[in-house]
Enquirer: 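Can you read through this structure? Questions will come right after.
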Amino acid sequence: MTSRLAPLVPILSDLRLRVRVTDACRALAVTSRATLSRELERRQLPPFRLLKNWYHVCVMVEAAEKGASLCEVALHRGEYPAACYRLVKSTTGRSWTEVRAKGSVWVKRYALQAWEPYTRLHVIE
């Protein structure tokens with residue numbers, strides 16, 4: 001999974017919630033959203049928005065495990081803390097408190113389960 005995600009890591013690692021599809025297109029040297037969608041599908045990755053949201057949640061949980069609060073992480077990156085809390089809730093379906101208690105290993109495992117429909121090989125008949 002990491003090798004398929006590698007070209008997007010520099011753009012996602014910015015941790016800004018406002019990372020746009022056009023930024024991802026530039027990172028992968030593709031010209032349009034449709035081409036980006038096909039490229040992600042070819043790499044057996046989920047759609048960009050889902051990928052971006054799970055990446056941000058994983059990074060925030062890892063920062064919390066190092067002692068930072070979600071509020072501190074958000075403010076350090078110039079984000080609104082409430083937007084980060086909503087992102088966690090909308091992505092995982094769970095509160096920040098619950099996600100933080102479960103830890104980054106759980107978040108990564110849960111993300112891979114959410115990505116499973118996109119990572120299956122498509123059999124052409």
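Just so we're clear, the structure is a prediction, and the values are computed from it rather than from any experiment. Just so you know, residue 1 is the first one in the sequence shown, and it goes up from there.
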Enquirer: Any donor and acceptor pair, going by atom type alone, linking the side chain of T91 with main-chain N or O of V88 inside 3.5 Å?
Expert: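 It does not hold such a pair.
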Enquirer: When rounded to the nearest 0.5 angstrom, what distance separates SG in C71 from CD in E79?
Expert: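 Nearest 0.5 Å value for the SG-CD distance: 12.0 Å.
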Enquirer: For the atom pair OG (S37) and CZ (F48), what is the distance rounded to the nearest 0.5 Å?
Expert: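 Going from OG on S37 over to CZ on F48, the span is 10.5 Å.
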Enquirer: Can R94 be said to sit on top of Y110's aromatic six-ring, NZ or CZ under 6.0 Å from centre and within 45° of the ring axis?
Expert: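 Positive - R94 is close enough to the ring of Y110 and near enough to its axis.
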Enquirer: Nearest 0.5 Å please: distance from the CG atom of L112 over to the CH2 atom of W54.
Expert: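 L112 CG to W54 CH2: 9.5 Å, rounded to 0.5 Å.
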Enquirer: Mark yes or no for whether T35, through its side chain, and T31, through its backbone, hold a donor-acceptor pair below 3.5 Å.
Expert: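 Flag not set: sc T35 to bb T31 has no pair under 3.5 Å.
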Enquirer: Heavy atoms, side chains only, cut-off 4.5 Å: are V73 and C84 in contact?
Expert: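 Contact flag for V73/C84 side chains = no.
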Enquirer: Show me the donor-acceptor pairs within less than 3.5 Å that the side chains of residues 60-70 make with the rest of the protein, sequence neighbours left out.
Expert:
| from | atom 1 | to | atom 2 | distance (Å) |
| --- | --- | --- | --- | --- |
| E62 | OE2 | K108 | NZ | 2.6 |
| E65 | OE1 | S104 | OG | 2.9 |
| E65 | OE2 | S104 | N | 2.7 |
| E65 | OE2 | S104 | OG | 3.3 |
| S69 | OG | E72 | N | 3.0 |

Enquirer: Are the side chains of T92 and V107 in contact, using a 4.5 Å heavy-atom criterion?
Expert: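 Counting from C-beta outward, V107 and T92 never come under 4.5 Å.
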Enquirer: W106, L87: one ILVMFWY side-chain cluster at the under-4.5 Å cut-off?
Expert: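 Same cluster.
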